[in-house]
Number of protein chains: 2
Amino acid sequence: MNEQPRGTRPGRITIRDVAADAGVSVAAVSKVLRNAYGVSPALRQNVLTSIEKLGYRPSTAARGMRGRTFTIGVVLVEMGNPFLPDVIAGISDACGADGYKVLIGLGQAQLTLEESLLDSMIDHGMDGLILVAPRMSGETLEAYARQTPLVVIAHHEPSPNAYDTVNSDDAAGAQMVVAELVAAGHSDIAMISLLVADDNSQTHVSVAREKGYLKAMGDAGLEPSARILRMTGDKDLRQAQMRSFLSAPDRPTAVFCWSDLFAIELIGLARSSGMNLPSDLSVIGYDNSPPATMPLIELTSVDQNARGLGGAAATALLSRIAGRTNPQRLMLKPTLAHRTSHGPA
Amino acid sequence: MNEQPRGTRPGRITIRDVAADAGVSVAAVSKVLRNAYGVSPALRQNVLTSIEKLGYRPSTAARGMRGRTFTIGVVLVEMGNPFLPDVIAGISDACGADGYKVLIGLGQAQLTLEESLLDSMIDHGMDGLILVAPRMSGETLEAYARQTPLVVIAHHEPSPNAYDTVNSDDAAGAQMVVAELVAAGHSDIAMISLLVADDNSQTHVSVAREKGYLKAMGDAGLEPSARILRMTGDKDLRQAQMRSFLSAPDRPTAVFCWSDLFAIELIGLARSSGMNLPSDLSVIGYDNSPPATMPLIELTSVDQNARGLGGAAATALLSRIAGRTNPQRLMLKPTLAHRTSHGPA
DNA sequence: CTGAAAGCGCTTACAG
DNA sequence: CTGAAAGCGCTTACAG
């Protein structure tokens, strides 16, 4: 539907212009650009001056055809999660230091779109990819990893082959929460988790948190009262589930929510139904996201060090781009941010 | 620090492989790929079959060198704003229909990074760019617009030359809010806005909302009591400002907040200081973002139709890529989402 | 240390 | 309708 030719803009300064201006060969300019071997300081200075003077910027497309693009792609499933900005910031910081640029693709919660995005990024010649909480299968991930350096964040694949995983130690985070509540005198502690429907649910962070919760409850001798309520991603349905949970006769004295989002919702519903928090109910969340610090919320929450996750993933990816092939499974320790949403039993 | 050559992966299927498999020329394959003129249905079918069979995908980098990349770049200043996901969704939908992919860059609130991102996207050969709430000057925008098709969302540039602007009618939104509050019997209505420090503050959406507020107050004969409090972006400082606003003797009966984020914070602070809402204070926000619907918040808020903004911007960009050069200034009508955060005076 | 030449995978006039 | 050839702007062996 659009016929006007575009291609390289007419005015674009190319490596040839720089070479001509500096009175050297195109190859020499390329070497200076890449900090490659065998250029005299004089020539280098010459070229640098011309680059500056002409405002030259290499075409990523052209570079991508033979060398690298100095760009890495980050694929997000959705943008709503408040911990994503910090992950991205961590990635950007670590990449920027090496001259890499970060471009983001959004999966929009559609598996096909997510995969077509990966294809597209590979087609763009990106030097490597970081996926955050992907939903695809382990085989699909392996297949992509054979095509490009790949690192996955927030996805507990037990034994990746051709790619790396970077996770917060979600089980440890859950254990910290239970320990905190037990220390405060609670013995009836429930967990509200996420109902994950797809086939790869076992790799979801919520499952790792559930395991940590169960382990900690067992360790504290509270196994009999341990219970996990998996609630839906649909907001309206979920609020109905929460209301009935709150009004049930066997309501616990404390709740560990797999995410801040759920925890904040629960707090709102509890208060609006006349409950007094934290005296009637202690709530602890996960993510230590900005809304956790809101007045009237003041949510105690596990901080998974989102920035650290991003940084570690970027570092891993860069080393993979540099040639490493053995898979790494990185695990960062979470911490607990104490606020006033929980109290003594 | 990394020496391993990469370039095009060894296994990559190229247009040449497809041509060989289909028994036609490379040029023929290229034409089929682009739906270009002059290919017989038979040849086309042949080529399509081979493409399918070999799993061929054209290299964006190579295409970018001569034609287009079928990729558009979206630059966001930050990711925190809850209305961004819908904007992106709107863009993606509109672009996807035309076979375009969307790649996102994040400015991280640094002007230089923002501009280097634009450079990088242009270097990537992206066919066009959409900027959301950029902070750069009008001249800088014009300069970029000379290099690539450009559309700007949520930025009130009075007379763009080489690019298009797509905005919600922020003044109208503010007027709707005031009208709603006046109808409910309020006459002492303050506005809490954002303190914008940089040189291009006049183009910020908050300023357009302020103008609408002042206009509506004047129209209602409430000019004497109109007042705008511009609060800082720094969270802690802002909360202090809000507290003193709430405890001041001349506290109004209703507040219009320039964003949901501010409104929700204000509600939390008001409640935690013992006020009863909405009887003690009516609050209306702007963005109609997900948190506005939270229990205990139930914030009445202006919906700027984020998805529509994204869609309109994408459509504009596509028509620009197709050759249009006259500037467009699009303005979408907002609507008011009624909830219970405001009541009679 | 320096440069000429081939080639990356496409698209685009241009012939046939 | 079809294809051979040039060229997009780089990088990479390879000579000199």
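What you see is a predicted model; the values in this text were computed from it and never measured. Residue numbers start from 1 in every chain, and the chains themselves are labelled A, B, ... in the order their sequence lines are given, proteins ahead of strands.
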Query - B:Ala27 or A:Arg34, whichever maps to the more 5' nucleotide of DNA chain D - result: B:Ala27
Query raised in the report: With respect to the phosphate group of D:dT11, does any side-chain polar atom (N or O) of A:Ser30 fall under 4.0 Å of OP1 or OP2?
Result: yes
Query raised in the report: Does the side chain of B:Arg44 get closer than 4.0 angstrom to OP1 or OP2 of D:dC1 through an N or O atom?
Result: no
Query raised in the report: Would you say C:dG9 has OP1 or OP2 under 4.0 Å from some side-chain N or O of B:Arg63?
Result: no
Query raised in the report: Would you call A:Asp199 and A:Arg135 a salt bridge, using N to O less than 4.0 angstrom?
Result: no
Query raised in the report: Between CE of B:Met136 and CD of B:Glu114, what distance do you get to the nearest 0.5 Å?
Result: 4.0 Å
Query raised in the report: How many angstroms lie between atom CG of A:Leu332 and atom CG of A:Asn305, to the nearest 0.5 angstrom?
Result: 6.0 Å
Query raised in the report: Partner of D:dA13 by Watson-Crick or G-U wobble geometry, both contacts under 3.5 Å, or none?
Result: none
Report task. Respond yes when some side-chain nitrogen or oxygen of B:Ser40 is under 4.0 Å from OP1 or OP2 of D:dC1, and no when none is. Result -> no
Report summary line: Whichever of B:Ser59 and A:Lys31 has the more 5' nearest nucleotide on DNA chain C, that residue is A:Lys31
Report task. Give a yes/no answer on whether the side chain of A:Ser25 brings an N or O atom under 4.0 Å of OP1 or OP2 in C:dG3. Result -> yes
Query raised in the report: Between D:dT2, C:dG3, C:dG9, which nucleotide has the shortest distance from any of its atoms to the side chain of A:Val24?
Result: C:dG3
Query raised in the report: Does a donor on one side chain and an acceptor on the other come within less than 3.5 Å for B:Thr165 and B:His155?
Result: no
